[in-house]
Amino acid sequence: MSAGIVQKQVASAIANALLEAQQQGALHSTNFPQPVVEFPKKEEWGDLSSSVAMVIAKQEKRPPLEVARVIADQLQTSCTFLENISVAPPGFLNLTLRPDCWFSVLEEIERTGDRYGHSQIGQGQRVLLEFVSANPTGPLHMGHGRGAALGEALARLLRSAGYEVDKEYYVNDAGRQMKLLADSVYARYLELHGRVGSFPEDGYHGDYIKVLAQAMDQEKGADLLDLNPQDARRECGQWASQELVRAIQEDLAQFGVEFETWYSEASLFASGKIQTALNELEQRDLVFAQDGATWFRSSRFQDEKDRVVCKQDGDYTYLASDIAYHFDKLRRGYGWLINIWGADHHGYVPRMQAVIKAFGYGDDCLRVVLVQMVRLLRGGNKVEMSKRAGEFVTLQEVVDEVGADAAKFFFLMRRSDTHLEFDLELAKKQSNENPVYYVQYAHARLASLFRTAQERGVRVSPVGEAPLSALVQPEEIRLMKQLSGFPELLEAGAKALEPHRITFYLLELAGLLHVFYYKHRVLPPRVEDVKSEESGDLDHDGETNELVREDLSRELTMARLVLLKQVQTVIKNGLRLLGVSAPERM
RNA sequence: GCGCCUGUAGCUCAGUGGAUAGAGCACUGGCCUCCGGAGCCAGGUGCCGCAGGUUCAAAUCCUGCCAGGCGCGCCA
């Protein structure tokens, strides 16, 4: 556990107060829940608040407000780090901490550095995260980009929470789609040699097929014309899918997404793993023959009906591959499988859950994260895409146009199960409309500050040596509070599989930083500035942007530099989890 | 017909049991002699789709309905 150390401290203080109150007869319950401590919505309500009084009111058989007062009295006497404590209807405990409580957060960040916020809730459990897994029948498009960004961020988030995550891409290099690809490429190849090939009815019409045929022609010349059509087609298919997989790998690498393994569907056939998995099911009496086909009894496991795994013509269905694939994942020792799928595959989820259960695993072993469609806009107008005609915006085009950072950040600004509007013009804008730059700018601004400090010979001291008691301004306290919430954010985000929470956190943190930075100075003015500035140091005041005086002592400079160093660390940590760069300059 | 997802400010969306529901954008007006103005400040908006229910407490949980999206193959 590494929920924010301040919250932890307060929670245990409340827990102690409950016990003490009970020993003194002020409370009667024998069992107390772990007190929940959270940031209240309004600053007037204090730094932290707890609802514990309302939770135990029932077992105490007293009104929540009365219970809250008892706890408050106990805390008042036993707790030294509280500046103020109050109760509010219907029974909240509102706590205001002494400012120096937050200093421990700065120490914690300095001590743990780029691991600040990490936890061990995953306990080293091995997770297989499968995502993208687009058929190697064409280039990746926008929707795949969303899945890719999500998967990469999720992997990093889960690793930060103590899971051992492997990322895997399942390559569908078998089956009907591959046959169509082979036929399409072969037809284009024949055209190159002046022969009229019959282009498959539902083949792939995109221009990239022609490009593939040309490339293959360059490499192999007219060799394929001598083969019988069946062998030639197979050759075309294998060659094309290899090329496409390589192109996909390049696209993803440029997008900053890499996989530990690329798992071939065809290898399941070649190695006999499909038959092995089906035999395993047969031993469990979960397959049967009917109408000349072989069926899996998925209805035993809350699927709506049984499913065919081997067709009348003897071919395996796609489900058969998936059964073998997931069986293999489990056999490789992963205790938790996470699949990121397009939302249009949601109907397939119960079937896959049935497979997991059929092999004797709990249904919590497989978690499917569904990703909704991306609606692409350009300056507010919808960009039409038609996969049929081979016209779609590829991931490559988007990355070329707006950059990998902006693309990833935009993909991760929404919960995965909501539709996403992606406006190319907005993502490109280098202005306040663009959230990516707002966060990155905060980081670059701090980097610049530290460069300037170094130029002027001002050293950033270790936290332990800094006069932190100089930090008393609301903007400073707010920053420290926000920093203290980072560990809890990562834990909760990992549990919920929701990396988008990090983007919102970073936008808030960047906002607090910008406000602070506007209102307060950190470095003393240069000597020549002081001479020309007879009226003394200027600074900005509380809730307005009017100029006011603020004495900038040496101590204050030191303390603020140390604070901002930790802010920079956390922004960098957050951006890294999203897979977005934290630039030193922009 | 059945199933899954979504419905929150003009727009795009946060918020999944807590207090008077938030942010960005858009709109209006202001702020740079100074560490990066890609920044800051001020201005107002809501039958939280509708109706019941559970609870001390519901945007959040349950039920029904309405609207939009997506599925429901011996396709992948």
Side-chain angles (χ1 to χ4, degrees), chain A residues 36 38 40-42 45 49 51 54-55 57-58 63-64 88-92 94 135 137 172 174-178 180 202 265 291-295 304-305 307-313 315-319 321-322 342-350 370 372-373 380 413-415 417-421 423 426 429-438 440-442 444-453 455-456 458 496 500-501 503-504 507-508 510-511 513-515 517-526 529-530 532-533 537-540 543-547 557 560 585-586:
Chain A
V36 174
E38 52 195 4
K41 270 189 291 198
K42 307 235 172 202
W45 296 336
S49 69
S51 58
M54 289 177 285
V55 176
K58 198 161 206 171
F92 287 101
N94 288 335
N135 292 343
T137 53
N172 296 116
R176 195 178 115 85
Q177 302 302 322
M178 280 319 298
L180 278 175
D202 35 9
E265 181 187 7
D291 305 332
T294 309
W295 299 67
E304 53 189 6
K305 55 184 175 187
R307 309 286 176 178
V308 171
V309 289
C310 190
K311 298 183 271 183
Q312 280 178 340
D313 64 10
D315 283 352
Y316 292 119
T317 62
Y318 185 75
L319 179 61
S321 303
D322 261 344
D344 53 345
H345 289 78
H346 70 259
Y348 204 72
V349 176
L370 296 173
Q372 280 290 355
M373 308 257 110
M413 273 201 311
R414 300 284 176 263
R415 241 174 46 220
D417 57 2
T418 62
H419 290 268
L420 172 84
E421 287 204 349
D423 194 316
L426 180 58
K429 271 190 187 164
Q430 304 199 353
S431 76
N432 57 353
E433 290 171 60
N434 190 335
V436 188
Y437 291 105
Y438 189 78
Q440 289 188 317
Y441 178 59
R445 220 178 182 186
L446 290 175
S448 167
L449 173 73
F450 294 123
R451 280 195 300 271
T452 308
E455 282 163 20
R456 297 188 191 174
V458 181
H500 77 275
R501 298 181 188 204
T503 62
F504 285 90
L507 286 166
E508 282 172 22
L513 185 268
H514 288 310
V515 171
Y517 203 74
Y518 179 79
K519 287 184 178 171
H520 303 288
R521 288 194 58 79
V522 178
L523 299 176
R526 285 168 299 181
D529 293 335
V530 173
S532 64
E533 200 180 286
D537 296 346
L538 289 180
D539 211 311
H540 308 282
E543 301 308 318
T544 73
N545 63 343
E546 311 244 316
L547 299 169
T557 291
R560 284 179 174 169
R585 345 177 108 86
M586 294 171 69

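Everything quoted here is computed from the prediction, not taken from an experiment. Residue numbers start from 1 in every chain, and the chains themselves are labelled A, B, ... in the order their sequence lines are given, proteins ahead of strands.
B:C32 has its base syn relative to the sugar, with a glycosidic angle deviating from 0 by at most 90°.
Mapping A:Leu449 and A:Tyr318 onto RNA chain B via the closest heavy atom, the residue that lands nearer the 5' end is A:Leu449. Comparing A:Ser448 and A:Tyr348 by the nucleotide of RNA chain B that holds the closest heavy atom to each, the one mapping nearer the 5' end is A:Ser448.
At whole-Å resolution of the value, CD in A:Gln372 and C1' in B:U12 are 16 Å apart. The distance from atom CD of A:Glu421 to atom C1' of B:C11 is 9 Å, rounded to the nearest whole Å. The NE2-P distance, from A:His500 to B:G24, rounds to 17 Å in whole Å. Taking atom CD of A:Glu508 as the reference point, atom P of B:A23 lies 10 Å away to the nearest angstrom. For the pair A:Lys41 NZ and B:A23 P, the interatomic distance rounds to 12 Å; values are reported in whole Å. Remark: C1' of B:A38 and CD of A:Gln440 are 10 Å apart, rounded to the nearest angstrom. Rounding to whole angstrom units, CG of residue A:Leu513 and P of B:G39 are separated by 12 Å. Look at CG on A:Asn172: it is 10 Å from P on B:A76, rounded to the nearest Å.
Both key distances under 3.5 Å define a Watson-Crick or G-U pair, and stretches of 3 or more such consecutive pairs in RNA chain B run B:1-7 with B:66-72, B:10-13 with B:22-25, B:27-31 with B:39-43, B:49-53 with B:61-65.
Counting heavy atoms from C-beta on, the side chains of A:Tyr318 and A:Arg176 never come closer than 4.5 Å. For the pair A:Lys42 and A:Asn94, the minimum side-chain heavy-atom distance is 4.5 Å or more. With a 4.5 Å cut-off on side-chain heavy atoms, A:Val308 and A:Leu319 do not count as touching.
Of the candidate nucleotides B:C13, B:G18, B:G36, B:C13 has the atom nearest to the side chain of A:Arg414. Taking the side chain of A:His419 as heavy atoms from C-beta on, and the options B:G69, B:A38, B:C35, the nearest nucleotide is B:G69. Among the nucleotides B:A14, B:C74, B:G39, the one closest to any side-chain atom of A:Tyr518 is B:G39. Closest to the side chain of A:Leu523, out of B:U12, B:C35, B:U20, is B:C35.
Using a distance-only test at 3.5 Å, with no hydrogens or angles considered, a donor-acceptor pair links the side chain of A:Thr557 to the main chain of A:Val522. For A:Thr452 (side chain) and A:Ser448 (main-chain N/O), a donor-acceptor pair under 3.5 Å exists by modelled atom type. A:Gln312 contributes a side-chain N or O that, together with a main-chain N or O of A:Asp291, makes up a donor-acceptor pair within less than 3.5 Å. Looking at A:His514, its side chain never comes within 3.5 Å of a backbone N or O of A:Tyr441 through a donor-acceptor pair. At least one donor-acceptor pair closer than 3.5 Å links the side chain of A:Asp313 to the backbone N or O of A:Asp315.
Distance check on atom C1': B:U45 versus B:C25 gives 14 Å, rounded to whole Å. Comparing B:C47 with B:G37, their P atoms sit 39 Å apart, to the nearest whole Å. Across B:U60 and B:G53, the matching P atoms stand 14 Å from one another, rounded to whole Å. Annotation: B:A58 and B:U20 have their P atoms spaced 11 Å apart (nearest Å). Taking atom C1' in both B:G73 and B:G18, the straight-line distance is 48 Å, to the nearest Å. Taking the P atoms as reference points, B:G22 lies 14 Å from B:U16, given to the whole Å. Separation of the P atoms belonging to B:G39 and B:A19 is 32 Å when rounded to the nearest angstrom. Taking atom C1' in both B:U55 and B:G17, the straight-line distance is 9 Å, to the nearest Å.
On a pure distance criterion of 3.5 Å, no polar donor-acceptor pair joins the side chain of A:Ser51 and the base of B:A57. In terms of polar N and O atoms assigned as donor or acceptor, the side chain of A:Asn94 comes within less than 3.5 Å of the base of B:A19 in a complementary pairing. Not a single donor-acceptor pair, N or O on each side, falls under 3.5 Å between the base of B:G71 and the side chain of A:His345.
Within the nucleic acid shown, A:Asp417 comes within 4.0 Å of sugar-phosphate atoms alone, with no base atom in reach, counting heavy atoms only. In this structure, A:Asp291 reaches the bases: a heavy-atom distance under 4.0 Å links it to at least one base atom across the strands shown. Residue contacts for A:Pro63: at a heavy-atom cut-off of 4.0 Å it reaches no nucleic acid atom on any strand shown. At a threshold of 4.0 angstrom between heavy atoms, the contacts of A:Gln312 include nucleobase atoms, whether or not backbone atoms are also involved. Using a 4.0 Å heavy-atom cutoff across all strands shown, A:Ser49 reaches at least one base atom of the nucleic acid. A:Val522 comes within 4.0 angstrom of a base, heavy atoms only. Within 4.0 Å (heavy atoms only), A:Ala444 reaches at least one base atom of the nucleic acid. Counting non-hydrogen atoms under 4.0 angstrom, A:Ala343 reaches the backbone sugars and phosphates but no base. Within the nucleic acid shown, A:Glu304 comes within 4.0 Å of sugar-phosphate atoms alone, with no base atom in reach, counting heavy atoms only. A:Phe504 comes within 4.0 angstrom of sugar-phosphate atoms only, judged by non-hydrogen atoms across all strands, and of no base.
Here A:His346 does not reach the OP1 or OP2 of B:U6: none of its side-chain N or O atoms lies under 4.0 Å away. At least one side-chain nitrogen or oxygen of A:Thr452 sits closer than 4.0 Å to the OP1 or OP2 atom of B:G36. For A:Lys58, a side-chain nitrogen or oxygen approaches OP1 or OP2 of B:C56 to under 4.0 Å. Put simply, A:Arg445 has a side-chain N or O that comes within less than 4.0 Å of OP1 or OP2 on B:G37. Proximity of A:Tyr441 to the phosphate of B:C40: no side-chain N or O atom is located under 4.0 Å from OP1 or OP2. Proximity of A:Arg415 to the phosphate of B:U6: a side-chain N or O atom is located under 4.0 Å from OP1 or OP2. Contact annotation: A:Thr418 side-chain N/O to B:A14 OP1/OP2 distance is under 4.0 Å. Close to B:G73, at under 4.0 Å from its OP1 or OP2, lies no side-chain N or O of A:Arg307.
Note on A:Glu38 versus A:Lys41: no salt bridge recorded, every NZ/NE/NH1/NH2 to OD/OE distance being 4.0 Å or above.
Taking the 5.5 Å centre cut-off and the 30° plane limit, the aromatic side chain of A:Tyr438 is not classed as stacked on B:A38.
The two residues A:Met54 and A:Pro90 make their nearest non-hydrogen contact at SD-CG, 3.6 Å. When all heavy atoms of A:Met586 and A:Tyr437 are compared, the pair lying nearest together is CE-CD2, 3.2 Å.
Note that CD of A:Gln372 and NE2 of A:His419 are 4.0 Å apart. Values are rounded to the nearest 0.5 Å.
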